[in-house]
Amino acid sequence: MTDMQACRVAVIGAGIMGSAIATRLIETGQTVTVFDLDPVKVKALTDKGASAAASVAEATRNNDFVILSLNHANIVRAVVFGPEGISASADATKLLIDMSSIDPVDTAEMSARLASETGMKWVDCPLSGGVPGALGGRLTIMAGGEEADVERARAVMQHLARNYTRMGGSGAGQTTKLINQLFCAVIFQAVAEATKLAEAGGVDPASIPAALAGGRADSSILQEFMGKFATRDYAPTGRIDNMLKDLDSLQAFALKTKTPLPMTGQVVEIHRLLCAAGLGARDSAEMMRLLDGTLS
């Protein structure tokens, strides 16, 4: 397949990220079919030029690539192996691209099963960059799978990613995503604490990102979020409960591999506290409420 040919892509899952992925693919001229249990989400994409499938099996049958954007390994398993799922119409000519964030061990097991039962290969492609990155084709994507399959997926990923890297075999992309989430969660908490410390010391926290730009403490999270935290801007850019889901997966993987993660453990419990307080659907800026003592 050359770069000039439109890819035939099914997108399964039209939530916030799935919708952004499908929208970008439509806008770059790909032939997109979408399936979701929510007809409102499907219609939003068919209005943009996508086709709707009556089932996952139908979406798989009529496309060369099948992208998953789902919330949990159990949902991925049901979509792939359940009735009228991907495996019902899978074959070796098709490629599954899982852009969900799920457990690396589950990924490797399901990938091997799908290939054994149907011949269809699996590339795990979790992402970083969120909706803005997807819509702008600027995602960072960490891929896991056989080298030839990861390269084949590039035909689609080139429209979504600025940085697309094979990390190793099946599950390696998911492991790298867990590492990404470890960095993000810990740095979000550090930015929140630094914001409070700046305020306590009489320094405008909104001035910190520019002052530290290019130094060792610099990061995209510092640049993008310290000003937001400083002004208590709670506009959504992501969900705390989604981060907690990834952190729970990270801790489960750490237990399996007997990897000590003391700092991460503290940050996980802070996210769990925020979710217990009913703030799971809100932005990471809600960390400031905890530090301000206004969590109620």
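Just so it is clear, the model here is predicted, and its values are computed rather than measured.
In terms of heavy atoms, Ile102 sits closest to His72 at CG2-C, 3.8 Å. In plain terms, the two heavy atoms of Met17 and Ala134 that are nearest each other are CE-CB, 3.9 Å. The shortest non-hydrogen separation linking Gln174 to Thr107 is CG-OG1, 3.4 Å. Taking all atoms of both residues into account, the shortest heavy-atom contact from Met226 to Pro209 is CB-CG, 3.8 Å. Of all heavy-atom pairs spanning Pro104 and Gly171, the tightest one is CB-O, 3.6 Å.
No side-chain N or O of Asp233 forms a donor-acceptor pair with one of Thr231 less than 3.5 Å apart. Donor-acceptor pairing under 3.5 Å is lacking for the side chains of Thr294 and Asp292. Using modelled atom types, one finds a donor on one side chain and an acceptor on the other under 3.5 Å when comparing Gln223 with Asp218.
In this view, Phe81 satisfies the ring-ring contact (aromatic ring centres under 6.0 Å, His included) rule with no residue, not counting sequence neighbours.
Salt-bridge annotation for Arg154 and Glu151: present, with a side-chain N of the basic residue lying under 4.0 Å from a carboxylate O of the acidic one. Salt bridge annotation for Asp64-Arg8: present, with a cationic side-chain nitrogen under 4.0 angstrom from a carboxylate oxygen. In summary, Arg289 and Glu286 engage in a salt bridge, as defined by a charged side-chain N under 4.0 Å from a carboxylate O. Comment: Asp283 engages Lys228 in a salt bridge, judged by a side-chain N to carboxylate O separation of less than 4.0 angstrom. Electrostatic pairing of Lys121 and Glu147 does not count as a salt bridge here, judged by no charged N lying under 4.0 Å from a carboxylate O.
Ring geometry for Phe225 versus Phe188: interplanar angle over 60°, hence perpendicular rather than tilted (30 to 60°).
Enclosure of atom CG in Leu291 by more than 12 non-hydrogen atoms of other residues, nucleotides or ligands within 6.0 angstrom is indicated.
Two residues are said to be in side-chain contact when any heavy atoms from C-beta on lie closer than 4.5 Å; Tyr164 and Leu139 fail this criterion.
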